[in-house]
Amino acid sequence: MKSQAQTISLTRTIGLTIAVLSISALSLSACAQPTAATVAPVVDTKNTLLKDAYQGYFPIGAAVAANEYGLDSFTSYGDGIMSNFNSIVAENCMKPGVIQPTEGSFAWTYADNLVAYAVAHGMTVRGHVLVWHSQTPEWMFSQTGTQEERKTATRAKMKSHIDAVVGRYKNNVYCWDVVNEAISDSDSGSIYRTVSGWFTSYGDASFIQDAFDFANAAAPTAKLFYNDYSVVNSAKRARIVKMINDLNLKSHGLDGVGMQAHWSLSWPSIQDIQTTIDTFHDMGLDVQITELDIDCYSNSASMNAIPYSAVADALTARYAAIFKCLRDNKDKISAVTLWGVADDHTWLDHMIGGSYKNDVTRKNYPLLFDANKQKKAAYLSVRDF
Ligand code: G3I
């Protein structure tokens, strides 16, 4: 089973028309950082905020760190930058492995700080994530006993986790990514990601129904989402549609689909984005863009870091085209969230050769503020439409 990162880069490679002629050997040390070629910070003569520009369209959110890995977005970026957003989501601190690392022991502080910041600044909070095959501690899964015993034990632990987390934030978190990335990336075999502690503990996909039932009971007014990547891939999108219909998820509380939107300078096409939005809208579902960022490397495996100056114009045009499409669909999209605030902190610095590598970095430029926390031309292209 490919990892998520491998699948995103594979999907892109398939989508790309460029033949990769050479791939340099992967170095395990930090790769050479780009040359000093820089792009002067943009001059912003308007100084209006993203959230105000999109007042008539949808909330604009950002993924933030609340010190769970040593980075605190609120102090790092300050209210000036953060005031561009009217919604935030936890990049990591509400994930099962971070918020309940051992059974019954909760690390509430990070998530509490995030919620407190949102309340103090009039922001909404997206909840990410309740049930996911990744960043979930092994104790949540039951690997011994009969399948029925394993299912019963895991179900009880899932319910307890969701009751505790969703219950604690039910007055502050308006929507949840209830289940994340449960669909297979393979066009053959099961439509579900079967290499998953949830799937193996249950022995089937009914854990997905339980997750939505438990979240719906814990916070009846919250909007509940199924969230995934490469949803624009027609075969994977069809598998998600099949899951929603086969499991009758709308009757279990599903309100919408989250398109993660980890896209690149050339993938996916605007048409594929439009088709995907229409597919789920036509099913009577809400759609959100939940993790938008733009990978600036067409060759995912290359260790040759490129300077921002080499991609600045393409990135600006790409963001302009994507946000025009999103604005055109403002009646079908209820929120757009960027997966980060500025280029100084992006998971994409570590996604190289199709997998996440903590100990290797290759500078990427996926967001609207640069690594010096300055507005990019892409920021202006999104705001000044
Ligand atoms: O910063 C610490 C470092 O000090 C420490 O030495 C190192 C040792 O493990 O950990 C570092 O923290 C890493 C953290 O990112 C830094 O932000 C964690 O290991 C690493 O697991 C964590 O990765 C997160 C990844 O999910 C895990 O799967 C990324 O931040 C986060 O952006 C990414 O987000 C996911 C969404 O939740 C779901 N959709 C895909 C998206 C991208 O993978």
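Keep in mind the model is a prediction, meaning the values are calculated, not measured. Computed over heavy atoms, backbone and side chain alike; hydrogens, waters and symmetry mates excluded.
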No-hydrogen, no-angle side-chain donor-acceptor test under 3.5 Å, [X] and [Y]:
X: Lys363; Y: Thr361; value: no
X: Asp286; Y: Ser334; value: yes
X: Ser251; Y: Asn248; value: yes
X: Asn245; Y: Lys250; value: no
X: Asp163; Y: Ser160; value: no
X: Tyr226; Y: Asn180; value: no
X: Asp328; Y: Gln274; value: no
X: Thr275; Y: Asp278; value: no
X: Asp293; Y: Trp347; value: yes
X: Ser184; Y: Ser186; value: no

Original post:
Run the side-chain contact (heavy atoms from CB on, under 4.5 Å) check on Val195 and His133 step by step: do they pass?
Top reply: CA-CA 8 Å; Val195 182; His133 68 280; over 6 Å; no
Looking at every non-hydrogen atom in both residues, tell me the closest pair between [X] and [Y] and how far apart they are.
X: Gly253; Y: Phe212; result: C-CD2, 4.3 Å
X: Val178; Y: Ala215; result: CG2-CB, 4.0 Å
X: Val341; Y: Ala62; result: CG2-CB, 3.9 Å
X: Gly127; Y: Val173; result: N-CG1, 3.3 Å

Subject >> Ring centres under 6.0 angstrom apart (Tyr54, Phe385) >> reply: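 Yes, the ring of Tyr54 comes within the 6.0 Å limit of the ring of Phe385, centre to centre.
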Subject >> Near-ring test His128/Trp339, centroid separation under 6.0 angstrom >> reply: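 Between His128 and Trp339, which both carry aromatic rings, the centre distance is below 6.0 Å.
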**OP:** Evaluate side-chain contact (heavy atoms from CB on, under 4.5 Å) for Ile244 paired with Leu285, printing each intermediate quantity in order.
**Re:** CA-CA 10 Å; Ile244 293 169; Leu285 293 168; 3.9 Å; yes
**OP:** Begin from the C-alpha positions of Asp79 and His121 and carry the test side-chain hydrogen bond (donor to acceptor under 3.5 Å, both in side chains) through to its verdict.
**Re:** CA-CA 9 Å; Asp79 291 353; His121 293 79; 3.2 Å; yes
Tell me whether [X] is salt-bridged to [Y], with the criterion being a basic N under 4.0 Å from an acidic carboxylate O.
X: Asp349; Y: Arg362; answer: no
X: Lys376; Y: Asp370; answer: no
X: Asp112; Y: Arg168; answer: yes
X: Asp228; Y: Lys236; answer: yes
X: Asp343; Y: Lys373; answer: no
X: Lys151; Y: Asp204; answer: yes

Subject >> Derivation of the side-chain contact (heavy atoms from CB on, under 4.5 Å) call for Thr154 and Trp198 >> reply: CA-CA 8 Å; Thr154 300; Trp198 295 110; 3.5 Å; yes
**OP:** State whether Tyr192 and Arg239 meet the cation-pi test: NZ (Lys) or CZ (Arg) under 6.0 Å from the six-membered ring centroid, and within 45° of the perpendicular axis.
**Re:**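 The answer is no; the distance or angle limit is not met.
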**OP:** State whether Tyr202 and Arg150 meet the cation-pi test: NZ (Lys) or CZ (Arg) under 6.0 Å from the six-membered ring centroid, and within 45° of the perpendicular axis.
**Re:**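 The answer is no, since Arg150 fails at least one limit relative to Tyr202.
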**OP:** Could you label the plane-to-plane angle of the Phe199 and Phe207 rings as parallel, tilted or perpendicular, counting under 30° as parallel and over 60° as perpendicular?
**Re:**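 Geometry flag for Phe207 against Phe199: perpendicular rings.
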Just wondering, more than 12 heavy atoms not from [X] lying within 6.0 Å of its [atom1]?
X: Lys159; atom1: NZ; value: no
X: Asp313; atom1: CG; value: no
X: Lys332; atom1: NZ; value: yes
X: Tyr110; atom1: OH; value: no

**OP:** Go through the steps for Thr75 and Asp72 under the test side-chain hydrogen bond (donor to acceptor under 3.5 Å, both in side chains), then give the verdict.
**Re:** CA-CA 6 Å; Thr75 51; Asp72 184 285; 3.2 Å; yes
**OP:** Apply ring-ring contact (aromatic ring centres under 6.0 Å, His included) to His262 and Tyr229, showing your working.
**Re:** CA-CA 7 Å; His262 294 296; Tyr229 61 87; 8.0 Å; no
Original post:
Out of curiosity, Leu49 CG to Ile60 CD1, how far, rounded to the nearest 0.5 Å?
Top reply: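 Answer rounded to 0.5 Å: 11.5 Å.
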**OP:** Go through Tyr77 and His345 one step at a time and tell me if the side-chain contact (heavy atoms from CB on, under 4.5 Å) criterion holds.
**Re:** CA-CA 11 Å; Tyr77 300 121; His345 175 72; 3.7 Å; yes
Original post:
With a 4.5 Å heavy-atom cut-off, do Lys375 and Leu368 have their side chains touching?
Top reply: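 No, too far: nothing below the 4.5 Å cut-off.
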